[in-house]
Every structure is written in structure tokens, then in C-alpha cells.
Amino acid sequence: MQRILLAVPDLTGNEARYLRECVTSNFVSSVGPFVDRFESMVAEASGAGVAVAVSSGTCGLHVALLALGVGPGDLVIVPSLTFIASANAVAHCGATPWLVDVEADSWNLDPVVLADCLAKETHLRDNGLVHRATGKRVAAIMAVHSLGLPANMEAILGVARPLGVPVIADAAAALGASHQGRLVGDLGADLSVFSFNGNKTITCGGGGAVVGNDEKLLGLVRHLTTTARLGNGYDHDRVGFNYRMTNLQAAVGCAQLERLERLVAAKRRIRTRYDQAFADLHHQIMPFPNPPGSDGACWFSGCVVLSADLEKVDQLRAGLQQAGIDARPFWKPIHLQLPYRDAPKTLQPVSEQLWSRVVTLPCASGLTQEDQDRVIFAVRALL
Ligand SMILES: *Cc1c(COP(=O)(O)O)cnc(C)c1O
């Protein structure tokens with residue numbers, strides 16, 4: 001029997017045709033018609049005014065943080081339960097992540113813990129919000145829309161705005177998501193960043209985009225991604241980056257975005273089917289979060305094992321792997337990662353509980369009902 005993989009790109013649209021167009025027209029680099037088209041498509045799909053295409057989500061986060069003024073010696077609030085790239089982007093700026101726990105209902109940055117730790121551990125000074133223990137400035141708050149589910153932006157902005165701290169959203173896998181009818185790039189963050197890595201719902205092979213509504217800020221992002229070049233000569237006004245997306249990547253991205261709704265609908269269908277199939281097992285496993293008001297992009301699906309015995313989690317993952325089913329662990333929280341062990345942090349009960357208990361299950365947009373039934377049967381048998 002064939003292995004059922006966790007995530008597989010669906011390249012059955014115009015991908016090959018658009019790539020051939022790049023080759024025949026010689027537009028393969030970072031200038032080309034597909035890059036412009038991709039940027040307008042991302043802006044429209046995300047509900048933001050402007051989009052800047054970049055070479056990866058990590059690069060997008062890096063320049064977005066720089067554009068918001070994050071620099072050496074600063075702190076940036078980051079939820080601990082995220083992919084390590086969120087924290088790495090902060091470190092690339094010479095700053096340090098301040099790790100805050102997530103909430104159990106959404107797996108996203110907990111606004112109550114955030115407000116509490118800022119109230120207790122910071123004070124407002126002339127240069128901004130300062131962390132008392134280290135004297136470092138809190139230069140930004142990064143919300144992460146984990147697995148494509150929007151973070152509680154209203155509450156996070158409610159904490160950040162009065163303190164004058166900018167908010168960036170790591171929306172890596174969230175294109176297609178919305179909250180109370182508003183698209184994910186229009187939820188109030190100063191800048192939001194998407195990833196189009198190979199394992200995301202929409203892929204360019206690799207790639208990313210920074211979106212927002214402040215044209216000047218997005219102009220700065222664009223400037224930073226293009227070696228901070230002024231005009232057509234070789235004048236550069238600061239240390240910039242070569243972070244632009246190529247026309248080849250954008251060609252694939254355009255073909256993918258033409259099918260955004262269908263691909264995200266497939267992801268949601270897979271999620272709902274798992275949740276319904278496991279509904280009667282609620283004493284043993286819990287579904288991925290689905291808070292009211294939000295329409296997540298359902299990047300990954302799976303379950304959370306409730307048993308206090310962590311062996312049970314390993315047994316489930318191993319049993320599924322043996323049955324030819326790709327079942328995996330979830331992000332290890334950032335505060336447990338070697339490079340960030342000394343980073344300031346809140347208590348992390350939720351992140352730690354989730355990390356040790358999540359089992360991700362196959363959820364490629366092209367997963368057939370037969371294959372999903374095989375996964376469901378195997379999970380039920382193993383439990
Ligand atoms: C995928 C992902 C990234 C990184 O994006 P790349 O394009 O791989 O650099 C960052 N943050 C989160 C939450 C992600 O899921």
C-alpha cells in the first residue's frame with residue numbers, strides 16, 4: 001500500500017504553463033510580469049492594500065521587523081508555540097524574542113498573559129516600553145496565526161496600541177483565513193507576512209510576501225529587499241538585502257493563487273472530516289482549535305492526545321507510521337530550543353502541554369476520501 005503523506009503540493013493548474021512562459025520570455029529573475037501579478041493577487045486575497053513578494057517567509061519577517069524599527073538589543077514578544085523561523089527573524093535583527101505562552105482555545109498568543117507580563121515587567125520611558133529586568137526596549141509584538149487560524153488581534157492590538165508598540169503578524173500559513181468576515185491581511189497588524197514554502201497550502205516552491213495598508217511602510221520593506229538601491233545607478237543608502245522573489249517562483253504562485261479558494265476549501269473539508277470521525281473519542285483525543293468567529297485556513301489537521309501518559313502519544317505516532325501513514329509531532333516550543341534557552345519567557349503550561357500531545361495527520365489538499373478513511377480507521381484502531 002502507498003504511504004499517505006502529510007502534505008503534498010498540488011501543481012495541477014497553470015504552474016507548468018506559466019513556468020514555460022518565464023523560460024521562453026527569458027524573465028526568470030526578480031523582475032518580471034509574474035512578480036507584479038503575484039503581488040496584486042496576494043494583496044487582493046489577503047485584504048491588504050499592498051503586497052511585497054519576497055524569497056521566503058523568514059526573509060519577509062526579517063525585513064518587516066526591520067521596517068518597524070526593530071534593531072540590536074531590542075526585545076520582540078513572540079508566542080513560544082510557533083515554528084522557529086518566527087524567533088529566528090527576531091534574532092536576525094540582533095534582537096531577542098520574549099516568549100509568551102499561547103491560549104488553549106486557539107494555540108495563539110494569549111492576550112491576557114501578554115497584558116499581564118507587560119504590566120508587571122515593563123515601564124514606559126521616553127524611548128518606549130522598557131523591560132525592567134534587562135533594560136531592553138520592547139520594540140514589537142509578533143502575533144502568529146498558528147496553522148492559519150487568526151490570532152485574537154482585537155485583544156492583542158488593545159494591549160499594544162496604548163503602549164505605542166507596533167504589531168506584526170506571522171501569517172505564514174494563513175492566506176485564505178478570515179475573522180468575522182475580514183480577511184487575514186486586514187485584521188489591524190502593521191504588517192503581516194505569508195510563507196509560500198513547499199509545505200504550505202499555497203506554494204511557490206519557496207517564497208513569501210509582506211502585506212499591509214501603509215504604503216510608506218511597504219515602500220521601505222520593498223527598498224530593504226532590493227539591496228536598498230536608490231535609482232538605477234549603484235547608490236545604496238543602507239545595508240539592504242537580496243530578498244526579492246523571482247519571476248519563476250511568482251509564476252508558480254500565480255497558478256496556485258488562481259485556485260486558492262479550492263485548495264483552502266479542501267483543507268477545511270479534511271479538517272471537518274477528521275473532527276467528525278473522532279467526535280465520539282472525546283475522552284481520548286481533542287480536535288485542533290476552531291474558535292467561534294474565525295474561519296481558519298486549516299493548514300494542518302490532526303488531534304491532541306489527552307492521556308497523562310506521554311507514551312501513548314509516541315505509540316500513536318509510531319503505530320501510524322508503521323501503517324504507512326505520515327503522522328508527526330508538532331513544533332517544539334521556542335523556549336526549549338537551544339538558541340533561545342536564555343530568552344526571557346512567561347510560564348509555558350499551554351505550549352508545553354500541546355507540544356507533547358499533538359499528532360498531525362495527513363492533510364494534503366489532494367488527499368482522497370479513501371486515504372483519509374484509512375487514516376481514520378488506523379487512528380481508531382490504535383486508540
Ligand atoms: C512556514 C512558517 C514560517 C517560515 O516560512 P519560510 O517561507 O519557510 O521561511 C514562519 N512561521 C510560521 C508560523 C510558519 O509556519
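As the structure lists them, so they are numbered: ligands from 1, and atoms in each ligand from 1.
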ask   = Does Arg328 count as lying over the ring of Phe300, i.e. NZ or CZ under 6.0 Å from the six-ring centre, within 45 degrees of the axis?
value = no
ask   = Does the side chain of Thr96 come within less than 4.5 Å of Thr134's, by heavy atoms?
value = no
ask   = Any cation-pi pair here, Arg229 with Tyr234, using under 6.0 Å and within 45°?
value = yes
Plane angle bin for Phe194 and Phe196 - parallel if under 30°, tilted between 30 and 60°, otherwise perpendicular = tilted
inquiry  = Taking 4.0 angstrom as the limit and counting only heavy atoms of Gly57, give me the atoms of ligand 1 inside it, by number and element.
reply    = 5 (O), 6 (P), 7 (O), 9 (O)
inquiry  = Below 3.5 Å, N or O to N or O, backbone or side chain included: is there any such pair between Trp299 and ligand 1?
reply    = no
note = The answer for which part of Trp331 has a heavy atom under 4.0 Å from ligand 1 is side chain
query = Hey, are Asp10 and Thr12 close enough side-chain-wise for a donor-acceptor pair under 3.5 Å?
reply = yes
query = Touching ligand 1 at all, Gly207? Heavy atoms, strictly under 4.0 Å?
reply = yes
ask   = If you measure from the Lys or Arg side-chain nitrogens to the Asp or Glu carboxylate oxygens, is any gap between Asp275 and Arg271 under 4.0 Å?
value = no
message = At less than 4.0 angstrom from any non-hydrogen atom of Asn197, what atoms of ligand 1 do you find?
response = 7 (O), 8 (O)
request  = Measure Thr82 to ligand 1 on non-hydrogen atoms and call it side chain, backbone, both or neither using the 4.0 Å cut-off.
outcome  = side chain
key: Residue Ser56 vicinity, atoms of ligand 1 by number, heavy atom under 4.0 Å   = 7 (O), 9 (O)
ask   = Looking only at heavy atoms, is any part of Thr58 under 4.0 Å from ligand 1, and if so is it the side chain, the backbone, or both, or is it neither?
value = both
message = Once you measure the plane-to-plane angle for Phe330 and Trp107, does it fall in the parallel (<30°), tilted (30-60°) or perpendicular (>60°) bin?
response = tilted
inquiry  = Does ligand 1 come near enough to Ser195 that some N or O of the ligand is less than 3.5 Å from an N or O of the residue?
reply    = yes
query = Would you say Lys200 touches ligand 1, if touching means a heavy atom closer than 4.0 Å?
reply = yes
query = Does the side chain of Tyr18 come under 3.5 Å of the side chain of Asn247 through a donor N or O and an acceptor N or O?
reply = no
task = Please write down residue, atom name and distance for the protein heavy atom closest to atom 14 (C) of ligand 1.
result = Ala172 CB, 3.2 Å
inquiry  = Can you report which non-hydrogen protein atom sits closest to atom 11 (N) of ligand 1, along with the distance?
reply    = Asp170 OD2, 2.7 Å
